[in-house]
Number of protein chains: 2
Amino acid sequence: MKFDDKVPIYYQIKNYLYHEMMTGALEPGDKLPAVRQLAVDLTVNVNTVQRALGEMITEGTIESQRGKGNFVTMDKNRITQLKEQLIVEQLERVYNELHALNMTDEQIISSLKTYIAGRGQQHD
Amino acid sequence: MKFDDKVPIYYQIKNYLYHEMMTGALEPGDKLPAVRQLAVDLTVNVNTVQRALGEMITEGTIESQRGKGNFVTMDKNRITQLKEQLIVEQLERVYNELHALNMTDEQIISSLKTYIAGRGQQHD
DNA sequence: CCTAGTGTTATATTTTACTATTACACTATA
DNA sequence: TATAGTGTAATAGTAAAATATAACACTAGG
């Protein structure tokens with residue numbers, strides 16, 4: 001996996017797993033890949049994986065069963081809340097960033113529209 | 001200044017100065033605060049400031065005059081390009097993030113509208 | 001010429017993230 | 001009960017970022 005060297009790997013692993021949960025690749029109750037397998041898949045050390053999982057366990061996003069594995073929480077509400085939270089965080093960030101660049105609300109919205117519209121050309 | 005401990009300080013300093021330039025707080029030809037002053041203002045070490053400035057000098061965003069100070073480039077075109085670049089980077093990021101959360105283009109745009117509309121309530 | 005203000009550079013130290021490696025604890029199952 | 005698969009934890013080492021501190025180089029002005 002490709003990581004941004006400006007932010008801690010364990011933090012990016014958390015985000016990766018969040019997204020797997022948000023998109024349904026990992027559903028409530030699902031068993032995650034074994035920590036050693038995740039380490040191989042992501043080409044990182046087991047301890048780094050463990051650090052990410054440890055935080056998610058503390059948060060209650062995943063549940064650990066020693067000897068069995070790590071499992072996505074059965075609390076679907078939590079997943080929904082998490083998704084909403086991730087979305088708002090992103091919106092908040094762009095808004096603040098673009099607003100700090102002296103753009104008006106209207107300019108922010110229209111620039112996003114333009115960006116998305118102009119996207120079809122060279123991507124996907 | 002408050003820093004996000006998930007990303008290097010020198011990198012955040014660069015972004016801070018970029019924004020100062022984008023908003024016009026620092027205009028082309030303007031003299032930046034002395035490195036030691038910046039270090040005090042940002043409550044950071046001189047070397048950390050220097051690392052940020054060093055990269056910006058290499059980029060050509062600012063120009064250094066030994067014994068005199070650091071100055072914003074006179075090349076207004078560069079400032080404009082930089083602003084456009086910063087905007088696109090933000091749009092790209094938000095788009096990719098939200099798209100990865102299974103949102104459609106329309107949902108992304110409308111969620112931003114909703115966010116901005118609902119913003120007036122508790123902020124500014 | 002001296003001094004204060006500026007950028008630049010270097011050394012040593014601390015802290016944090018990450019890695020490598022090993023060991024331990026628990027579960028399921030053959 | 002042995003073994004393979006799982007999570008958990010500790011130790012030691014490396015690398016990068018940031019700090020503290022000091023010195024050097026240049027400029028302007030008295």
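These numbers were taken from a predicted model, which means no experiment stands behind them. Chain identifiers are assigned alphabetically (A, B, ...) following the order of the sequence lines, protein sequences preceding nucleic acid strands; residue numbering begins at 1 within each chain.
Between A:L32 atom CG and D:dT6 atom P there is a gap of 12 Å when expressed in whole angstrom units. In this structure, NZ of A:K6 is placed 12 Å from P of D:dA16, rounded to the nearest angstrom. Here D:dA18 presents its P atom at 5 Å from CD1 of B:I9, a figure rounded to the nearest Å.
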Original post:
What do the steps show when you test A:L91 against A:I87 for side-chain contact (heavy atoms from CB on, under 4.5 Å), and what is the final call?
Top reply: CA-CA 6 Å; A:L91 294 175; A:I87 291 174; 3.9 Å; yes
**OP:** Could you walk me through whether B:H19 and A:E97 pass the side-chain contact (heavy atoms from CB on, under 4.5 Å) test, one step at a time?
**Re:** CA-CA 9 Å; B:H19 281 87; A:E97 273 287 328; 3.0 Å; yes
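A donor-acceptor pair shorter than 3.5 Å cannot be found between the side chains of A:N77 and A:D75. Using modelled atom types, one finds a donor on one side chain and an acceptor on the other under 3.5 Å when comparing B:D41 with B:Q37. No side-chain donor from either of B:Q85 and B:Q81 sits under 3.5 Å from a side-chain acceptor of the other.
Taking 4.5 Å as the limit, some side-chain heavy atom of A:D105 sits within range of a side-chain heavy atom of A:H99. Within the 4.5 Å cutoff, no side-chain heavy atoms of B:D30 are placed close to those of B:F71.
Using a 4.0 Å cutoff to heavy atoms of chain A, the contacted part of DNA chain C runs 5' to 3' from C:dA17 to C:dA28.
Annotation: of the two residues near DNA chain C, B:A34 and B:D5, the 5′-most nearest-nucleotide partner is B:A34.
Of the residues in residues 36-49 of chain A, A:R36, A:N47 come within less than 4.0 Å of DNA chain D through at least one heavy atom, sorted by number. Residues of residues 55-75 of chain B that place a heavy atom closer than 4.0 Å to DNA chain D, in numerical order, are B:R66, B:G67, B:K68.
Between A:K14 and A:E59, at least one side-chain N (NZ, or NE/NH1/NH2) sits under 4.0 Å from a carboxylate O, which counts as a salt bridge.
In this structure, B:T80 contributes its side chain and B:K76 its backbone to a donor-acceptor pair below 3.5 Å. The main-chain N or O of A:D4 is found under 3.5 Å from a side-chain atom of A:Q12 such that the two form a donor-acceptor pair.
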